[in-house]
**Student:** 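Have a look at this one before I ask anything.
What you see below is based on every heavy atom in this structure, not just the backbone, and it leaves out hydrogens, waters and symmetry mates. Here the structure is a predicted model, which means the values were calculated and not measured.
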Amino acid sequence: MTIHRLSTTWYGDIYDCVDFYKQPAFDHPSLKNHNFHPKMKPTLPRRKQTSGTSKSNESTIWLNDQGCSFGSVPIKRVTKDDLIRQRFMPPPEDVAFHTQFSKISNNHSESKRRFLSAQGYRVAIVSTLKNRNNKFGGAGMAATIWNPKVKGQQHSGCRLKVQRRSDILQIGWRVDPTLYGDNNTRRFIHFQAGNKHCFNTLCPGFVLVNYEAPLEALFDKTSRRGEAAWEYSMYIDRDIVNGNWWVLVEKTHKEVGFWPQHIFTDLASFATHIEWGGMAYSPPGIPEPPMGSGFFPLQITEYDGTCRRLTVLNYRGETMDVETTPHTDNPDFYKVYDIPKEEINENFKHIMYYGGPGEST
């Protein structure tokens with residue numbers, strides 16, 4: 001691994017500025033003979049910039065503005081403590097569909113499909129309707145940023161999730177002491193390709209092109225209830241030409257990097273399922289942590305965990321209208337509301353509210 005120099009963030013994280021061609025992504029066996037380069041740009045539809053009443057969470061993180069330079073990418077230095085902690089990372093969230101039958105007359109029953117989140121995970125989400133014939137080419141949202149209180153091996157956050165069968169892509173924010181070693185709110189990406197899964201650049205797969213925006217950077221500003229909320233815009237879009245899945249962030253749709261089409265089986269094609277909203281994890285036997293703002297939503301942006309401008313792209317990369325449905329695993333601890341765009345003003349478009357105290361009260 002060729003290191004150009006070290007860069008330190010104002011909050012103390014150390015990054016190696018690694019030569020683009022020596023980054024961990026290219027250790028993936030499917031990427032040995034790649035033709036990627038630092039000036040790569042995706043072929044994507046032109047999105048409109050987001051707007052609204054929330055404050056944008058965009059800032060310079062580098063100490064003395066000494067970040068990485070073009071031709072290199074920031075790779076967070078992994079310490080011995082990181083490796084010890086991450087041995088206790090839970091398995092990836094496993095969501096299955098379960099069919100229930102409810103009796104609607106003396107001789108008839110109606111089948112209903114619902115989510116079952118497994119292995120200690122809980123969600124409060126809005127999702128597209130299950131249909132294996134869906135052909136989605138991307139999705140996006142602008143999410144408010146919070147700092148839910150977790151401890152031990154708990155974590156809590158908000159994510160955009162793109163999926164086709166066992167292949168999954170995620171981007172969002174999370175408070176995760178096991179992954180990050182602190183209780184700060186940080187960005188994350190995650191992919192699952194068959195039985196392989198990975199956060200950020202902890203294993204090969206994700207190709208960084210942006211030399212200014214680390215994947216696991218800390219949000220220096222988080223929302224406070226009753227004040228104008230801080231938010232972050234994020235997108236996962238499929239390149240129309242080659243099928244690579246790009247991560248874009250902020251109102252300007254800054255290109256962070258991409259998961260190459262070659263590392264997937266199911267997502268080598270289009271996605272069939274999209275989710276937006278909150279998730280929380282607690283080990284078995286441990287009370288479930290807060291989610292979002294830590295309170296049940298009032299359907300007020302300044303008080304709630306929110307994801308607004310929920311968007312979906314079709315197979316041509318065009319914004320499309322989709323039917324969605326809300327779901328929460330445990331409405332005693334977390335709630336969710338799905339507000340379609342026709343019911344709200346132009347700035348918010350399609351919005352969802354989520355969150356709750358968990359078992360902390």
**Student:** What residues, two or more places apart in sequence or in another chain, satisfy side-chain contact (heavy atoms from CB on, under 4.5 Å) together with Asp332?
**Tutor:** Asn330
**Student:** Considering only heavy atoms from C-beta outward, does the side chain of Thr128 approach that of Glu323 to under 4.5 Å?
**Tutor:** no
**Student:** Going by ring pair (Phe, Tyr, Trp, His ring centres under 6.0 Å), name the residues that satisfy it together with Phe206, two or more places apart in sequence or in a different chain.
**Tutor:**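 So Phe206 forms a ring pair (Phe, Tyr, Trp, His ring centres under 6.0 Å) with Trp259.
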**Student:** Can you name the side-chain contact (heavy atoms from CB on, under 4.5 Å) partners of Thr324, sequence neighbours left out?
**Tutor:** Val126, Trp276, Val322, Asp338, His350
**Student:** By ring pair (Phe, Tyr, Trp, His ring centres under 6.0 Å), which residues pair with Trp246, not counting sequence neighbours?
**Tutor:** Phe258
**Student:** Under 6.0 Å between ring centres, would you say that holds for Tyr121 and Tyr281?
**Tutor:** yes
**Student:** Extract all donor-acceptor atom pairs below 3.5 Å that involve side chains of residues 191-201 and protein atoms in other chains or at least two apart in sequence.
**Tutor:**
from   : atom 1 : to     : atom 2 : distance (Å)
His197 : ND1    : His190 : NE2    : 3.1
Asn200 : OD1    : Ile189 : N      : 3.1
Asn200 : ND2    : Tyr180 : OH     : 3.1

**Student:** Just to verify, what does Phe333 make a ring pair (Phe, Tyr, Trp, His ring centres under 6.0 Å) with, not counting sequence neighbours?
**Tutor:**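 Per chain and number, Phe333 pairs via ring pair (Phe, Tyr, Trp, His ring centres under 6.0 Å) with no residue.
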**Student:** For Phe26 together with Phe20, are the ring centres under 6.0 Å from each other?
**Tutor:** yes
**Student:** What pairs with Pro177 under side-chain contact (heavy atoms from CB on, under 4.5 Å), at least two apart in sequence or on another chain?
**Tutor:** Val150, Asn183
**Student:** Got a sec, which residues hit salt bridge (charged side-chain N to carboxylate O under 4.0 Å, His left out) with Glu216, two or more places apart in sequence or on another chain?
**Tutor:** none
**Student:** Sequence neighbours excluded, which residues qualify as salt bridge (charged side-chain N to carboxylate O under 4.0 Å, His left out) partners of Lys41?
**Tutor:** Glu255
**Student:** May I ask you to establish whether Arg122 and Tyr334 are in a cation-pi arrangement, using a distance under 6.0 Å from NZ or CZ to the six-membered ring centre and at most 45° from the ring axis?
**Tutor:**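 Negative - Arg122 is either too far from the ring of Tyr334 or too far off its axis.
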**Student:** Can you list every pair that meets side-chain hydrogen bond (donor to acceptor under 3.5 Å, both in side chains) and has a residue in residues 28-38, with sequence neighbours left out?
**Tutor:** none
**Student:** Identify, with sequence neighbours excluded, every residue that meets salt bridge (charged side-chain N to carboxylate O under 4.0 Å, His left out) alongside Asp27.
**Tutor:** none
**Student:** What residues form a salt bridge (charged side-chain N to carboxylate O under 4.0 Å, His left out) with Asp239, not counting sequence neighbours?
**Tutor:** none
**Student:** Should the SG of Cys68 and the SG of Cys17 be checked, would they turn out to be under 2.5 Å apart?
**Tutor:**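 Answer is yes, sulfur atoms closer than 2.5 Å.
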